[in-house]
Amino acid sequence: MKYLIVGLGNIGPEYELTRHNVGFLTVDRLADKHGATWKSGRLAFTADFKFKGRQFFLIKPTTYMNLSGKSVNYWMKEHNIPKENILVVVDDVALPFGKIRLRGKGSAAGHNGLKNIEELTGGQDYPRIRFGIGDDFPKGRQIDYVLGRWSKKEIEELPIFMDKAIEMIEGFCTIGINMTMTQFND
């Protein structure tokens, strides 16, 4: 069984430790855990490893967030991975910081990266992990908040939540989405 794990984010040092890049940070941590090395590939940085008989293909799109679908669509076809075996890790301002939810499908909820994936893969029916980054910003300042750097307290707690997301990714690929949602979703 093959799986495509997509961490959403923006490339470049100015975005590296921003809330919007929690998808990149999470798949980086997953790659580190399994000793996978990142390579520069077409439309993405890629890494891969085997775990419990499953083949994991990780990507961090280099298309910038709003064009993530180009990368997802390309690597999905390149590795012949069905849509139900794709898992996208994405930031979510609608969830409190550290709250993580696995869903089998759903709306883009205003997230431009998810909108582009929907457009280029043909709909909303792909699994995703929504990683809560909170909504601690004044009205009209959402862009500054999501593209802002983590607070000191958030940085300290982030590894705990990323490790939970990694357990969910591994569960999705080994025991399936339903059992993983039952085990991890609050």
Distance-minimising heavy-atom pair for S71 and A44: OG-CB, 3.4 Å
Main-chain N/O of N10 paired to N21 side chain as donor or acceptor, under 3.5 Å: yes
Short side-chain donor-acceptor distance under 3.5 Å, H34 and E170: yes
Flag if over 12 foreign heavy atoms under 6.0 Å of NZ, K152: no
Donor-acceptor contact below 3.5 Å, side chain E167 vs main chain K164: no
W38 ring center within less than 6.0 Å of F24 ring center: no
Under 3.5 Å donor-acceptor, R128 side chain and L102 backbone: no
Whether H79 and F57 hold their rings parallel, tilted or perpendicular, with breakpoints at 30° and 60°: parallel
salt_bridge(K115, E119) N-O dist < 4.0 Å: no
Aromatic ring pairing H111/H20, orientation class (parallel under 30°, perpendicular over 60°, tilted between): tilted
Under 3.5 Å: donor-acceptor pair, side chain of D91, backbone of I133: no
Presence of salt bridge, K105 and D125, under 4.0 angstrom: no
Cation over ring face, R19 and Y145, 6.0 Å, 45°: yes
Salt bridge flag under 4.0 Å for residues D144 and R141: yes
Donor-acceptor under 3.5 Å (T18 side chain, L147 main chain): no
Heavy-atom donor-acceptor pair, Q124 side chain to A108 backbone, under 3.5 Å: no
Cationic tip of K83 above Y126 ring, under 6.0 Å, 45° of axis: no
Pair K60 + D28: basic N to acidic O under 4.0 Å: yes
